[in-house]
Enquirer: 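Structure provided below as C-alpha coordinates; questions to follow.
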Protein chains: 2
Amino acid sequence: MRTSSISNAILKVLESQDDHLTAKEIYEIMKKTFTAVDTSTIYRALERLVHVGKVSVSDMGGTAVVYELVSKNPHHHLVCEKCHKQITFRNEKVSDFLDSIEKESGFQITTNHLVLFGICPECQKKK
Amino acid sequence: MRTSSISNAILKVLESQDDHLTAKEIYEIMKKTFTAVDTSTIYRALERLVHVGKVSVSDMGGTAVVYELVSKNPHHHLVCEKCHKQITFRNEKVSDFLDSIEKESGFQITTNHLVLFGICPECQKKK
DNA sequence: TGTATTATTGAAAATGACTTTCATTATCAA
DNA sequence: TTGATAATGAAAGTCATTTTCAATAATACA
(Lines give C-alpha, C1' and ligand atoms only; values in the text may rest on other atoms or scores of the structure.)
Protein backbone atom coordinates (compact mmCIF):
# COMPACT_ATOMS: atom_id res chain seq x y z
CA MET A 1 0.00 0.00 0.00
CA ARG A 2 1.47 3.30 -1.05
CA THR A 3 1.13 6.65 0.65
CA SER A 4 -0.36 9.92 -0.50
CA SER A 5 -3.24 8.05 -2.06
CA ILE A 6 -6.95 8.34 -1.71
CA SER A 7 -6.68 5.96 1.23
CA ASN A 8 -5.25 8.61 3.52
CA ALA A 9 -8.03 10.99 2.65
CA ILE A 10 -10.59 8.27 3.31
CA LEU A 11 -9.04 7.59 6.70
CA LYS A 12 -9.32 11.27 7.57
CA VAL A 13 -12.96 11.33 6.56
CA LEU A 14 -13.67 8.28 8.67
CA GLU A 15 -11.81 9.76 11.62
CA SER A 16 -13.80 12.97 11.47
CA GLN A 17 -17.10 11.14 11.10
CA ASP A 18 -16.86 8.74 14.01
CA ASP A 19 -19.78 7.06 12.33
CA HIS A 20 -20.17 4.38 9.69
CA LEU A 21 -20.54 5.43 6.10
CA THR A 22 -21.44 3.65 2.89
CA ALA A 23 -19.00 3.65 -0.02
CA LYS A 24 -21.31 6.05 -1.80
CA GLU A 25 -21.38 8.46 1.13
CA ILE A 26 -17.60 8.38 1.27
CA TYR A 27 -17.49 8.96 -2.46
CA GLU A 28 -19.73 12.02 -2.19
CA ILE A 29 -17.49 13.53 0.48
CA MET A 30 -14.31 12.74 -1.42
CA LYS A 31 -15.62 14.28 -4.60
CA LYS A 32 -15.55 17.68 -2.95
CA THR A 33 -11.77 17.51 -2.71
CA PHE A 34 -10.86 15.03 -5.44
CA THR A 35 -13.21 16.23 -8.12
CA ALA A 36 -12.34 13.52 -10.59
CA VAL A 37 -12.25 10.56 -8.22
CA ASP A 38 -14.12 7.49 -9.36
CA THR A 39 -16.22 5.10 -7.30
CA SER A 40 -13.97 2.22 -8.31
CA THR A 41 -11.05 4.01 -6.69
CA ILE A 42 -13.03 4.39 -3.50
CA TYR A 43 -13.97 0.73 -3.45
CA ARG A 44 -10.40 -0.33 -4.12
CA ALA A 45 -8.99 1.94 -1.42
CA LEU A 46 -11.56 0.70 1.08
CA GLU A 47 -10.71 -2.87 0.21
CA ARG A 48 -7.05 -2.22 0.98
CA LEU A 49 -7.87 -0.47 4.24
CA VAL A 50 -10.02 -3.37 5.31
CA HIS A 51 -7.29 -5.77 4.31
CA VAL A 52 -4.69 -4.05 6.49
CA GLY A 53 -7.16 -3.93 9.36
CA LYS A 54 -7.61 -0.18 9.59
CA VAL A 55 -11.23 -0.21 8.53
CA SER A 56 -14.07 -2.58 9.22
CA VAL A 57 -17.03 -3.46 7.05
CA SER A 58 -20.45 -4.28 8.42
CA ASP A 59 -23.79 -5.20 7.01
CA MET A 60 -26.24 -3.11 8.98
CA GLY A 61 -29.21 -4.46 7.08
CA GLY A 62 -29.27 -1.73 4.48
CA THR A 63 -28.72 -2.07 0.76
CA ALA A 64 -25.06 -1.12 1.06
CA VAL A 65 -22.41 -2.22 3.44
CA VAL A 66 -20.93 0.36 5.83
CA TYR A 67 -17.33 1.18 6.61
CA GLU A 68 -15.86 2.54 9.78
CA LEU A 69 -12.52 3.08 11.47
CA VAL A 70 -11.27 0.22 13.57
CA SER A 71 -10.80 1.91 16.89
CA LYS A 72 -9.01 0.65 19.91
CA ASN A 73 -12.27 1.08 21.74
CA PRO A 74 -14.52 -1.63 20.30
CA HIS A 75 -18.20 -0.93 19.98
CA HIS A 76 -21.25 -2.62 18.60
CA HIS A 77 -24.54 -1.75 17.03
CA LEU A 78 -28.19 -2.32 17.62
CA VAL A 79 -30.43 -1.74 14.63
CA CYS A 80 -34.19 -1.31 14.94
CA GLU A 81 -36.02 -3.32 12.33
CA LYS A 82 -39.02 -1.01 12.40
CA CYS A 83 -37.64 2.53 12.38
CA HIS A 84 -34.08 1.62 11.32
CA LYS A 85 -32.62 3.63 14.15
CA GLN A 86 -29.07 2.56 14.86
CA ILE A 87 -27.54 2.81 18.25
CA THR A 88 -23.98 2.15 19.30
CA PHE A 89 -23.19 0.32 22.47
CA ARG A 90 -20.03 -0.59 24.28
CA ASN A 91 -20.07 -3.58 26.46
CA GLU A 92 -17.21 -5.57 27.87
CA LYS A 93 -19.49 -8.58 27.96
CA VAL A 94 -19.12 -8.73 24.20
CA SER A 95 -15.40 -9.32 24.29
CA ASP A 96 -15.74 -11.80 27.15
CA PHE A 97 -18.31 -13.58 25.06
CA LEU A 98 -16.16 -13.54 21.92
CA ASP A 99 -13.19 -14.78 23.94
CA SER A 100 -15.15 -17.75 25.15
CA ILE A 101 -16.28 -18.57 21.60
CA GLU A 102 -12.67 -18.35 20.50
CA LYS A 103 -11.56 -20.79 23.16
CA GLU A 104 -14.32 -23.25 22.42
CA SER A 105 -14.07 -23.18 18.66
CA GLY A 106 -10.39 -22.63 18.07
CA PHE A 107 -11.36 -19.91 15.59
CA GLN A 108 -9.50 -16.65 15.88
CA ILE A 109 -12.44 -14.27 15.80
CA THR A 110 -11.97 -11.24 13.58
CA THR A 111 -15.45 -9.79 13.95
CA ASN A 112 -14.93 -6.58 15.83
CA HIS A 113 -18.36 -5.10 15.37
CA LEU A 114 -21.39 -7.03 16.38
CA VAL A 115 -24.55 -5.94 14.64
CA LEU A 116 -27.70 -7.08 16.39
CA PHE A 117 -31.18 -6.48 15.05
CA GLY A 118 -34.21 -5.93 17.19
CA ILE A 119 -37.07 -3.64 17.99
CA CYS A 120 -36.27 -0.45 19.84
CA PRO A 121 -38.18 0.56 23.00
CA GLU A 122 -40.16 3.28 21.16
CA CYS A 123 -41.33 0.93 18.42
CA GLN A 124 -42.29 -1.68 20.99
CA LYS A 125 -44.67 0.83 22.56
CA LYS A 126 -46.22 1.70 19.20
CA LYS A 127 -47.41 -1.85 18.72
CA MET B 1 -50.54 -15.08 3.12
CA ARG B 2 -52.42 -17.68 1.13
CA THR B 3 -51.92 -21.41 1.13
CA SER B 4 -50.88 -23.80 -1.60
CA SER B 5 -48.37 -21.31 -2.83
CA ILE B 6 -44.72 -21.57 -3.55
CA SER B 7 -44.08 -20.69 0.08
CA ASN B 8 -45.10 -24.11 1.32
CA ALA B 9 -42.81 -25.78 -1.13
CA ILE B 10 -39.96 -23.52 -0.06
CA LEU B 11 -40.57 -24.41 3.56
CA LYS B 12 -40.34 -28.10 2.70
CA VAL B 13 -37.08 -27.56 0.88
CA LEU B 14 -35.64 -25.67 3.81
CA GLU B 15 -36.83 -28.36 6.22
CA SER B 16 -35.18 -31.09 4.25
CA GLN B 17 -31.94 -29.17 3.87
CA ASP B 18 -31.24 -28.25 7.48
CA ASP B 19 -28.74 -25.87 5.97
CA HIS B 20 -28.82 -22.33 4.71
CA LEU B 21 -29.44 -21.71 1.05
CA THR B 22 -29.24 -18.71 -1.23
CA ALA B 23 -32.32 -17.59 -3.15
CA LYS B 24 -30.69 -18.89 -6.29
CA GLU B 25 -30.07 -22.32 -4.77
CA ILE B 26 -33.68 -22.47 -3.66
CA TYR B 27 -34.76 -21.40 -7.11
CA GLU B 28 -32.74 -24.20 -8.74
CA ILE B 29 -34.35 -26.78 -6.49
CA MET B 30 -37.85 -25.39 -7.00
CA LYS B 31 -37.47 -25.37 -10.77
CA LYS B 32 -37.39 -29.16 -10.75
CA THR B 33 -40.98 -29.25 -9.51
CA PHE B 34 -42.33 -25.88 -10.61
CA THR B 35 -40.81 -25.72 -14.05
CA ALA B 36 -42.07 -22.23 -14.84
CA VAL B 37 -41.35 -20.60 -11.50
CA ASP B 38 -39.60 -17.26 -11.64
CA THR B 39 -36.89 -15.91 -9.38
CA SER B 40 -39.08 -12.95 -8.48
CA THR B 41 -41.66 -15.37 -7.10
CA ILE B 42 -39.00 -17.02 -4.96
CA TYR B 43 -37.81 -13.70 -3.61
CA ARG B 44 -41.34 -12.59 -2.86
CA ALA B 45 -42.22 -15.83 -1.10
CA LEU B 46 -39.03 -15.68 0.95
CA GLU B 47 -39.81 -12.12 1.91
CA ARG B 48 -43.20 -13.19 3.23
CA LEU B 49 -41.74 -16.13 5.12
CA VAL B 50 -39.18 -13.88 6.74
CA HIS B 51 -41.90 -11.41 7.58
CA VAL B 52 -44.00 -14.00 9.40
CA GLY B 53 -40.92 -15.23 11.23
CA LYS B 54 -40.68 -18.69 9.71
CA VAL B 55 -37.44 -18.06 7.90
CA SER B 56 -34.35 -16.09 8.77
CA VAL B 57 -31.97 -14.23 6.51
CA SER B 58 -28.28 -13.91 7.18
CA ASP B 59 -25.34 -12.35 5.49
CA MET B 60 -22.61 -14.93 5.71
CA GLY B 61 -20.12 -12.77 3.88
CA GLY B 62 -20.90 -14.16 0.45
CA THR B 63 -22.32 -12.33 -2.52
CA ALA B 64 -25.85 -13.45 -1.75
CA VAL B 65 -27.76 -13.57 1.47
CA VAL B 66 -28.77 -16.99 2.84
CA TYR B 67 -32.12 -18.23 4.08
CA GLU B 68 -32.83 -20.87 6.65
CA LEU B 69 -35.69 -22.21 8.73
CA VAL B 70 -36.16 -20.60 12.09
CA SER B 71 -35.86 -23.59 14.35
CA LYS B 72 -36.69 -23.90 17.97
CA ASN B 73 -33.12 -24.92 18.49
CA PRO B 74 -31.13 -21.78 17.87
CA HIS B 75 -27.72 -22.06 16.37
CA HIS B 76 -25.01 -19.77 15.11
CA HIS B 77 -22.29 -19.69 12.53
CA LEU B 78 -18.58 -19.22 12.36
CA VAL B 79 -17.22 -18.33 8.95
CA CYS B 80 -13.54 -18.62 8.06
CA GLU B 81 -12.33 -15.55 6.20
CA LYS B 82 -9.56 -17.48 4.50
CA CYS B 83 -11.09 -20.74 3.33
CA HIS B 84 -14.75 -19.70 3.70
CA LYS B 85 -15.54 -22.81 5.65
CA GLN B 86 -18.73 -22.36 7.63
CA ILE B 87 -19.36 -24.15 10.87
CA THR B 88 -22.48 -24.20 12.95
CA PHE B 89 -22.34 -24.00 16.69
CA ARG B 90 -24.88 -24.14 19.44
CA ASN B 91 -24.08 -22.40 22.63
CA GLU B 92 -26.33 -21.40 25.45
CA LYS B 93 -23.93 -18.59 26.25
CA VAL B 94 -25.26 -16.84 23.16
CA SER B 95 -28.77 -16.58 24.46
CA ASP B 96 -27.57 -15.57 27.92
CA PHE B 97 -25.51 -12.91 26.22
CA LEU B 98 -28.39 -11.70 24.05
CA ASP B 99 -30.67 -11.64 27.09
CA SER B 100 -28.29 -9.38 28.92
CA ILE B 101 -28.04 -7.04 25.94
CA GLU B 102 -31.83 -6.96 25.80
CA LYS B 103 -32.07 -5.98 29.44
CA GLU B 104 -29.45 -3.28 29.16
CA SER B 105 -30.65 -1.73 25.93
CA GLY B 106 -34.39 -2.18 26.12
CA PHE B 107 -34.25 -3.51 22.57
CA GLN B 108 -36.18 -6.67 21.89
CA ILE B 109 -33.50 -8.61 20.05
CA THR B 110 -34.72 -10.41 16.94
CA THR B 111 -31.36 -11.66 15.72
CA ASN B 112 -31.56 -15.40 16.07
CA HIS B 113 -28.47 -16.32 14.14
CA LEU B 114 -25.18 -14.85 15.06
CA VAL B 115 -22.63 -14.88 12.27
CA LEU B 116 -19.10 -14.43 13.47
CA PHE B 117 -16.11 -14.18 11.16
CA GLY B 118 -12.67 -15.42 11.99
CA ILE B 119 -9.82 -17.66 10.96
CA CYS B 120 -10.30 -21.36 11.40
CA PRO B 121 -7.72 -23.52 13.18
CA GLU B 122 -6.44 -25.04 9.93
CA CYS B 123 -5.89 -21.67 8.27
CA GLN B 124 -4.14 -20.38 11.38
CA LYS B 125 -1.59 -23.19 11.04
CA LYS B 126 -1.01 -22.41 7.37
CA LYS B 127 0.25 -18.95 8.29
C1' DT C 1 -72.75 -21.30 -6.29
C1' DG C 2 -71.34 -17.26 -8.67
C1' DT C 3 -68.85 -12.91 -8.15
C1' DA C 4 -66.11 -9.26 -6.25
C1' DT C 5 -61.81 -8.62 -3.85
C1' DT C 6 -57.28 -9.21 -3.06
C1' DA C 7 -52.99 -12.00 -3.11
C1' DT C 8 -49.85 -14.51 -5.93
C1' DT C 9 -47.59 -15.37 -10.02
C1' DG C 10 -44.53 -15.12 -14.55
C1' DA C 11 -42.23 -12.43 -17.67
C1' DA C 12 -39.46 -8.85 -18.66
C1' DA C 13 -37.14 -4.93 -17.65
C1' DA C 14 -34.98 -2.01 -14.22
C1' DT C 15 -32.10 -0.95 -10.23
C1' DG C 16 -28.07 -0.42 -7.83
C1' DA C 17 -23.95 -2.02 -5.37
C1' DC C 18 -19.85 -3.50 -6.51
C1' DT C 19 -16.12 -5.33 -9.81
C1' DT C 20 -13.27 -5.64 -13.74
C1' DT C 21 -10.62 -4.25 -17.72
C1' DC C 22 -7.42 -1.44 -19.71
C1' DA C 23 -4.64 2.29 -20.60
C1' DT C 24 -2.39 6.01 -17.97
C1' DT C 25 -0.05 8.05 -14.16
C1' DA C 26 2.28 8.13 -9.76
C1' DT C 27 5.32 6.10 -6.23
C1' DC C 28 9.19 3.69 -4.56
C1' DA C 29 13.49 0.97 -4.76
C1' DA C 30 17.88 0.42 -6.70
C1' DT D 1 17.24 8.44 -13.31
C1' DT D 2 15.15 4.40 -14.42
C1' DG D 3 12.51 0.39 -14.13
C1' DA D 4 9.09 -2.24 -11.59
C1' DT D 5 4.90 -2.12 -9.57
C1' DA D 6 0.88 -0.02 -7.40
C1' DA D 7 -2.88 3.30 -7.76
C1' DT D 8 -6.06 5.77 -10.62
C1' DG D 9 -10.10 7.21 -13.97
C1' DA D 10 -13.12 5.91 -17.31
C1' DA D 11 -16.16 2.90 -19.07
C1' DA D 12 -18.32 -1.25 -19.31
C1' DG D 13 -19.70 -5.42 -17.01
C1' DT D 14 -21.71 -8.52 -13.35
C1' DC D 15 -25.09 -10.13 -10.56
C1' DA D 16 -28.36 -10.16 -6.62
C1' DT D 17 -32.53 -8.29 -5.87
C1' DT D 18 -36.68 -5.39 -7.05
C1' DT D 19 -40.29 -3.48 -9.69
C1' DT D 20 -43.88 -3.10 -13.13
C1' DC D 21 -47.69 -4.94 -15.26
C1' DA D 22 -50.92 -7.99 -16.92
C1' DA D 23 -52.80 -12.58 -15.95
C1' DT D 24 -54.32 -16.02 -12.75
C1' DA D 25 -55.61 -18.12 -8.42
C1' DA D 26 -57.62 -18.06 -3.77
C1' DT D 27 -60.77 -16.40 -0.41
C1' DA D 28 -64.83 -13.65 1.25
C1' DC D 29 -69.33 -12.75 0.91
C1' DA D 30 -73.62 -12.07 -1.35
Side-chain angles (χ1 to χ4, degrees), chain A residues 1-14 19-68 79 81 84 86 115 117, chain B residues 1-14 19-68 79 81 84 86 115 117:
Chain A
M1 209 171 112
R2 289 178 174 174
T3 56
S4 152
S5 58
I6 287 284
S7 309
N8 293 317
I10 291 180
L11 283 177
K12 285 207 189 77
V13 167
L14 291 177
D19 197 13
H20 35 70
L21 296 173
T22 63
K24 196 186 173 196
E25 285 165 342
I26 295 170
Y27 169 67
E28 296 299 339
I29 295 170
M30 300 295 293
K31 242 192 342 192
K32 292 176 190 164
T33 315
F34 300 83
T35 346
V37 77
D38 190 73
T39 49
S40 63
T41 305
I42 303 292
Y43 278 106
R44 284 182 288 219
L46 284 167
E47 189 183 20
R48 275 177 267 138
L49 291 169
V50 170
H51 189 246
V52 299
K54 290 187 179 170
V55 167
S56 72
V57 208
S58 325
D59 174 9
M60 306 271 287
T63 57
V65 124
V66 295
Y67 297 88
E68 104 188 78
V79 182
E81 287 186 339
H84 305 107
Q86 304 183 351
V115 181
F117 296 91
Chain B
M1 209 170 115
R2 287 175 175 174
T3 57
S4 152
S5 57
I6 286 282
S7 308
N8 293 316
I10 292 181
L11 282 177
K12 286 207 188 77
V13 167
L14 290 177
D19 195 14
H20 37 71
L21 295 173
T22 63
K24 195 186 174 196
E25 286 165 343
I26 295 171
Y27 169 68
E28 295 299 339
I29 295 171
M30 299 297 292
K31 242 191 344 191
K32 292 176 189 164
T33 315
F34 300 84
T35 347
V37 79
D38 188 74
T39 48
S40 64
T41 305
I42 303 292
Y43 278 105
R44 284 182 289 221
L46 284 168
E47 188 183 21
R48 273 177 267 138
L49 291 169
V50 170
H51 189 247
V52 299
K54 289 185 178 170
V55 167
S56 71
V57 208
S58 326
D59 173 9
M60 305 271 285
T63 57
V65 124
V66 295
Y67 297 88
E68 117 186 66
V79 182
E81 287 186 340
H84 305 107
Q86 304 182 351
V115 181
F117 297 90

Enquirer: Looking only at side-chain atoms of Val65(B), point me to the closest of dT17(D), dC18(C), dA7(D).
Expert: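 Closest nucleotide among those given: dT17(D).
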
Enquirer: Have a look at Tyr67(B) and tell me which of Val50(B), Leu21(B), Ile42(B), Thr22(B) forms a side-chain contact (heavy atoms from CB on, under 4.5 Å) with it.
Expert: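 When Val50(B), Leu21(B), Ile42(B), Thr22(B) are each tested with Tyr67(B), the side-chain contact (heavy atoms from CB on, under 4.5 Å) holds only for Val50(B).
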
Enquirer: Side-chain N or O of Thr41(B) less than 4.0 angstrom from OP1 or OP2 on dG10(C)?
Expert: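 For Thr41(B), the contact criterion (side-chain N or O under 4.0 Å from OP1 or OP2 of dG10(C)) is met.
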
Enquirer: dT19(D) P sits how many Å from Asp38(B) CG, rounded?
Expert: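 The answer, rounded to whole Å, is 15 Å.
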
Enquirer: How long is the line joining NZ of Lys31(A) and P of dG9(D), in whole Å?
Expert: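 Taking NZ of Lys31(A) and P of dG9(D), I get 13 Å after rounding.
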
Enquirer: Just the rounded figure in Å: distance from C1' of dG9(D) to CD1 of Ile6(A).
Expert: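 The distance from CD1 of Ile6(A) to C1' of dG9(D) comes to 10 Å, rounded to the nearest Å.
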
Enquirer: Tell me whether the OP1 or OP2 atom of dA7(C) has a side-chain N or O from Arg48(B) closer than 4.0 Å.
Expert: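 So the side-chain polar atoms of Arg48(B) never come under 4.0 Å of the phosphate oxygens OP1 or OP2 of dA7(C).
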
Enquirer: I want to confirm an ordering. Mapping Ala64(B) and Arg44(B) to their closest nucleotides on DNA chain D, which one lands closer to the 5' end?
Expert: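 Nearest-nucleotide comparison on DNA chain D picks Ala64(B).
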
Enquirer: Can you measure from CD1 (Ile6(B)) to CD1 (Ile26(B)) and round to the nearest 0.5 angstrom?
Expert: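 Between Ile6(B) CD1 and Ile26(B) CD1, I get 11.5 Å after rounding to 0.5 Å.
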
Enquirer: So what does Ser40(A) touch, heavy atoms closer than 4.0 Å: a base, only the sugar-phosphate, or nothing?
Expert: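 Result for Ser40(A) = base.
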
Enquirer: Could you check how far CG of Leu46(B) sits from P of dT9(C), rounded to whole Å?
Expert: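 After rounding, the reported distance stands at 11 Å.
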
Enquirer: Report the distance from atom CD1 of Ile42(B) to atom P of dT17(D), rounded to the nearest whole Å.
Expert: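 Those two atoms, CD1 and P, are 13 Å apart.
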
Enquirer: Side chain to side chain contact (heavy atoms under 4.5 Å, CB included), that's the test. Do Glu47(A) and Tyr43(A) meet it? Break it down for me.
Expert: CA-CA 6 Å; Glu47(A) 189 183 20; Tyr43(A) 278 106; over 6 Å; no

Enquirer: May I have the distance from Asn8(A) (atom CG) to dA26(C) (atom P), rounded to whole angstrom?
Expert: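 In whole Å, dA26(C) P lies 17 Å from Asn8(A) CG.
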
Enquirer: In this structure, how many angstroms lie between the C1' atom of dC18(C) and the OH atom of Tyr67(A), rounded?
Expert: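 Atom OH in Tyr67(A) sits about 8 Å away from atom C1' in dC18(C).
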
Enquirer: Can you measure Tyr43(B) atom OH to dC15(D) atom P for me and round it to whole angstrom units?
Expert: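 So the two atoms are 13 Å apart, to the nearest Å.
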
Enquirer: Is there a side-chain contact between Val13(A) and Met30(A) (heavy atoms, below 4.5 Å)?
Expert: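 SC-SC contact between Val13(A) and Met30(A) confirmed.
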
